[in-house]
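Whatever order the structure lists them in is the order used to number ligands and atoms, beginning at 1.
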Amino acid sequence: MDPRQRTETVAAGKIAARKRFRVVLIKPSHYDDDGYVIRWYRSPMPANSLATVYGLVDDCARRRILGPDVAIDIVAIDETNTRVRIDRIIAAMRGNDNFGFVGLVGVQSNQYPRSLDIARPLRAAGIPVVIGGFHVSGMLAMFDEIGPDLQAALDLGVTLFAGEAEARMDVVVRDAAAGTLKPIYNYIDDLPALDDAVTPFLPGNSVRKTIGNVTTFDAGRGCPFQCSFCTIINVQGRKSRWRSPDDVERILRKNYEQGIDRFFITDDNFARNKDWEAIFDRIIELREQRGMDVRFLIQVDTLCHKIPNFVAKAKRAGVTRIFIGLENINPDNLLAAKKRQNKITEYRDMLLAWKAVGIWTYAGYILGFPNDTPESARRDIEIIKKEMPLDVLEFFFLTPLPGSEDHKKLRTKGVPLDPDLNKYDLEHALTPHPHMSKAEWEKLYRDAWSIYYTPEHIETILRRAQAYGINILRLAQIILWFAQSLTIEKVHPLQGGFVRLKSRHERRPELPVEPAWRFYPGLAAEFLIKHARVAVAAWDIFRIYRRVAASAHLPYSDQAMTPVSDGDTQTLELFTHNQSAREAVDHARKVKTLTGGGDQSTLIPAKAGI
Ligand code: B12
Ligand code: SF4
């Protein structure tokens with residue numbers, strides 16, 4: 001086995017033991033459009049799925065669940081930053097009489113084909129393999145029958161794990177050790193409580209293969225809303241389950257001791273974590289009384305600013321960035337997706353509430369809702385630029401992800417869906433669209449990034465941010481990442497990393513291995529061209545940054561930074577660009593009248609802004 005991959009053996013495994021049970025945990029990546037595994041010298045952040053499963057197996061090792069004389073050795077490999085040497089895994093397992101198993105961890109639909117390609121040679125060598133994650137869970141949550149994709153794994157003798165592994169890992173480890181792994185473990189209808197659950201953890205040397213001093217953990221799971229494109233509610237449920245403040249503190253301290261002080265809390269909607277306040281209070285105590293300078297990125301919904309104290313406590317707890325699923329500014333589209341909680345009349349109010357405390361906003365925007373046309377989507381992005389104080393905007397294709405209501409409906413209706421799961425990464429057009437051809441939709445997606453990230457708008461974003469006291473040099477770096485990732489690396493920024501690595505033999509088996517004389521010169525040219533383009537783009541953004549920084553002493557304000565007034569509802573394009581937008585405003589006005597103006601935040605921001 002690759003010695004670099006062996007470094008993560010747990011302490012418990014080092015204790016003298018008669019036998020050693022080997023667990024190799026792999027978080028697979030997936031293939032790019034040329035068929036090569038997407039792998040980087042440094043990936044942006046560690047995978048929480050890997051940390052969670054690692055923590056659970058580590059806990060089995062510490063409790064010596066296979067008996068006092070059997071140690072459990074764990075290797076954790078994140079394929080987005082480490083090459084998976086299947087031959088070495090086979091050799092190491094063979095040297096241990098195949099006493100152990102390979103776990104393919106947190107496997108998303110787009111990673112499922114790659115997972116089967118990893119599993120195939122392992123199974124041929126007689127090594128037990130277990131696949132868990134959103135694809136298996138999503139499919140088993142939504143369909144009673146086993147589809148051809150899951151059947152392909154079962155045919156290889158791979159075990160499928162659906163649901164969550166907290167309090168279930170003992171069963172899997174014991175069965176694997178006894179050679180009695182079942183074909184399917186299905187716990188999808190029995191989601192575990194998370195208070196007192198084993199906490200996620202990855203050793204420092206694994207975390208250091210990522211770009212910064214950032215790691216991930218989930219403080220809770222589940223979301224009460226019902227968006228039809230969402231997989232989370234069907235896999236993790238609509239009921240909030242959360243880790244205790246004690247557990248969160250333990251996670252933070254364990255990482256802090258290793259020099260990691262930046263965290264992405266992966267809850268899809270931290271604002272609906274029932275215990276958000278107690279968790280924030282604990283973090284505030286750690287920061288303000290124990291001097292732990294920890295900082296966070298959290299994901300929230302568009303109504304979170306209406307939760308009393310939420311924004312203020314987020315600020316004190318060290319939240320520096322939030323991610324919001326804005327999704328769209330056409331109320332008809334939001335309604336079609338059952339995203340009823342997203343009210344365009346709230347958007348600016350919500351963004352200003354975060355801006356007022358100097359927190360950056362990232363938002364996701366989905367292209368390809370039923371009412372989108374190439375023209376309407378382009379116009380909508382221009383409206384956002386002019387009228388909404390957003391920092392980073394990222395675009396996705398509307399995708400029927402396995403595990404979502406949309407996927408189930410389309411499949412049940414027999415609508416043709418792209419059969420290649422590798423493409424289910426929110427970066428491909430996979431279904432027919434009522435108003436756009438596939439080519440138009442793909443062009444819209446590519447154009448969207450350049451429509452939003454023009455030099456003029458980057459300057460506006462930085463000027464707005466500076467007015468709110470945000471660190472604009474850091475913001476400029478993130479803008480560089482988001483603005484250029486698709487153009488230069490041909491992947492979404494969330495799949496990006498630092499220095500792309502490729503191996504000639506790590507190609508989809510359906511595609512030929514390129515001859516060395518073509519592959520290596522091509523790789524070298526690609527490397528040089530890409531880095532030259534990054535340097536040019538970085539220099540351009542740096543010049544914008546310098547210009548903005550030089551005017552720090554001058555006051556700056558624009559339309560997007562002013563709270564919405566009654567008059568604006570007649571003039572802002574956000575509220576008037578189509579019939580449904582106007583109706584949304586009328587509805588908000590009626591609600592305000594009926595509640596005697598009590599529900600201020602539906603239309604006119606109460607105290608937002610600076
Ligand atoms: C954080 C996150 C990211 C982070 C980091 C990745 C990570 N895994 O930490 C970033 C921002 C990089 C990211 C990127 C992407 N993500 Co993401 N991400 C998430 C998010 C919000 C949390 C993941 C997580 O930590 N979950 C908690 C863990 C503990 O749950 P879990 O993985 O299901 O694991 C449990 C069980 O499945 C099981 N289990 C899992 N593996 C194994 C293995 C064994 C052996 C066993 C026994 C059990 C077991 O036990 C675990 C513990 O209970 C999820 C949504 C969600 N709520 O999960 C989306 C999600 C996983 N992402 C998704 C997608 C599509 C992507 C992107 C393709 C988007 C894009 N175009 O950029 C990229 C892919 C890049 C990549 N390399 O992963 C989808 C996948 C849907 C699907 N059907 O495939 C999800 C579900 C969100 C959604 N929109 O629906 N993501
Ligand atoms: S708000 Fe987010 S997590 Fe909740 S249902 Fe909608 S898409 Fe899913």
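At a 4.0 Å cut-off, at least one heavy atom of Gly163 sits close enough to ligand 1 to count as contact. Heavy-atom distances between Glu166 and ligand 1 reach below 4.0 Å in at least one pair. Ligand 1 is approached by Gly133 to a heavy-atom distance shorter than 4.0 Å. Within the structure, ligand 1 lacks Arg168 among the residues with a heavy atom less than 4.0 angstrom away. In this structure, Pro402 is part of the shell of residues with a heavy atom less than 4.0 angstrom from ligand 1.
Proximity to Ala47 (heavy-atom distance under 4.0 Å) selects the following atoms of ligand 1: 7 (C), 8 (N), 9 (O). Ligand-side atoms of ligand 1 in range of Thr266: 1 (C), 21 (C), 22 (C), 25 (O), range being under 4.0 angstrom from any heavy atom. With ligand atoms numbered from 1 in the order given, ligand 2 contributes 1 (S), 5 (S) to contacts under 4.0 Å with heavy atoms of Phe225. Counting atoms of ligand 2 from 1 in the listed order, those under 4.0 Å from a heavy atom of Asp268 are 3 (S). Close approach to His492 involves these atoms of ligand 1, each under 4.0 Å from a residue heavy atom: 72 (O). Atoms of ligand 1 lying under 4.0 Å from at least one heavy atom of Gln111, given by number and element, are 76 (C), 77 (N), 78 (O). Below 4.0 Å from some heavy atom of Gln299 lie the following atoms of ligand 1, by number and element: 21 (C). Residue contact check: Glu164 has heavy atoms under 4.0 Å from atoms 53 (O) of ligand 1. The contact set between ligand 1 and Arg221, taken as ligand atoms under 4.0 Å from a residue heavy atom, comprises 29 (C), 53 (O). Close contacts of ligand 1 with Phe161, meaning ligand atoms under 4.0 Å from a residue heavy atom, involve 47 (C), 48 (C).
For atom 6 (Fe) of ligand 2, the closest heavy atom belonging to the protein is Cys227 SG, 2.3 Å. The shortest contact between atom 41 (N) of ligand 1 and any protein heavy atom is with Gly106 N, 2.8 Å. For atom 4 (Fe) of ligand 2, the closest heavy atom belonging to the protein is Cys223 SG, 2.3 Å.
The option with the heavy atom closest to atom 61 (C) of ligand 1, from among His407, Met139, Gln108, is Gln108. Around atom 89 (N) of ligand 1, the closest heavy atom drawn from Leu401, Leu56, Leu494, Leu104 belongs to Leu401. Of the candidates Lys339, Gln299, Glu327, Gln341, the one placing a heavy atom closest to atom 2 (Fe) of ligand 2 is Lys339. When Ser49, Gly364, Ser485 are checked for heavy-atom proximity to atom 23 (C) of ligand 1, Ser49 turns out nearest. Around atom 25 (O) of ligand 1, the closest heavy atom drawn from Ile26, Asn48, Asn81 belongs to Asn48.
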For Gln108 and Ser49, what are the C-alpha separation, side-chain angles and deciding distance, and is it a side-chain contact (heavy atoms from CB on, under 4.5 Å)? CA-CA 11 Å; Gln108 304 174 3; Ser49 310; over 6 Å; no

Salt bridge (Lys or Arg N to Asp or Glu O under 4.0 Å) between Glu164 and Arg241: does it pass, once the steps are laid out? CA-CA 12 Å; Glu164 297 176 5; Arg241 294 169 291 128; 2.7 Å; yes

Please step through side-chain contact (heavy atoms from CB on, under 4.5 Å) for the pair Phe270 and Val319, ending with a clear verdict. CA-CA 12 Å; Phe270 187 73; Val319 172; over 6 Å; no

Are Leu426 and His492 close enough, and set up right, to give a side-chain contact (heavy atoms from CB on, under 4.5 Å), and what steps lead you there? CA-CA 9 Å; Leu426 318 181; His492 190 280; over 6 Å; no

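Contact record, Arg123 with Leu156: NE-O, 2.9 Å, taken as the closest heavy-atom pair.
Not one N or O of Leu426 is nearer than 3.5 Å to an N or O of ligand 1, by distance alone. Looking at ligand 1, you won't find any N or O of Ser137 less than 3.5 Å from one of its N or O atoms. Checking only distances, Asp268 does come within under 3.5 Å of ligand 1, N or O to N or O. On a distance-only criterion, Thr231 and ligand 1 share at least one N/O pair closer than 3.5 Å. Residue Thr80 has no N or O atom closer than 3.5 Å to an N or O atom of ligand 1.
Less than 4.0 angstrom separates atom 59 (C) of ligand 1 from none of the non-hydrogen atoms of the protein. The protein does not reach atom 5 (C) of ligand 1 closely, with no heavy atom under 4.0 angstrom from it. For atom 76 (C) of ligand 1, the nearest protein heavy atom lies under 4.0 Å away. Closer than 4.0 Å to atom 34 (O) of ligand 1 lies none of the heavy atoms of the protein. By the definition of a contact as any protein heavy atom under 4.0 Å away, atom 85 (C) of ligand 1 is not in contact. Note that atom 52 (C) of ligand 1 has protein non-hydrogen atoms nearby, at separations under 4.0 angstrom. Under the 4.0 Å distance rule, the nearest protein heavy atom to atom 13 (C) of ligand 1 falls outside the cut-off.
Within a 6.0 Å sphere centred on NZ of Lys502, other residues, nucleotides and ligands contribute more than 12 heavy atoms.
Taking backbone and side chain together, Cys230 holds an N, O or S atom under 2.8 Å from atom 8 (Fe) of ligand 2.
Within the 4.0 Å heavy-atom criterion, neither part of His30 lies near ligand 1. Contacts between Met45 and ligand 1 below 4.0 angstrom, taking non-hydrogen atoms only, are absent altogether.
The backbone N or O of Gly106 lies less than 3.5 Å from no partner atom in the side chain of His135, so there is not a single donor-acceptor pair. Tyr185 places no side-chain N or O within donor-acceptor distance of the main-chain N or O of Val172, the cut-off being under 3.5 Å. The closest donor-acceptor contact from the side chain of Lys408 to the backbone of Met142 lies under 3.5 Å. Listed for the Asn342 side chain is a donor-acceptor partner under 3.5 Å among the backbone atoms of Leu326.
A donor-acceptor contact under 3.5 angstrom links the side chains of Asp372 and Asn333, judged on distance only. For the residue pair Glu79 / Gln111, no side-chain donor-acceptor distance below 3.5 Å is found, with atom types taken as modelled.
Of the charged side-chain nitrogens involved, none lies within less than 4.0 Å of a carboxylate oxygen, so that Glu489 and Arg500 do not count as a salt-bridged pair. Ion pairing of Asp117 with Arg508 is absent here, as no side-chain N (NZ or NE/NH1/NH2) approaches a carboxylate O to less than 4.0 Å.
Under the ring pair (Phe, Tyr, Trp, His ring centres under 6.0 Å) rule, Phe395 has a single partner from Tyr453, Phe482, Tyr445, Trp449, which is Trp449.
With Phe143 as the aromatic partner, Arg411 meets the cation-pi criteria of under 6.0 angstrom to the ring centre and within 45 degrees of the ring axis.
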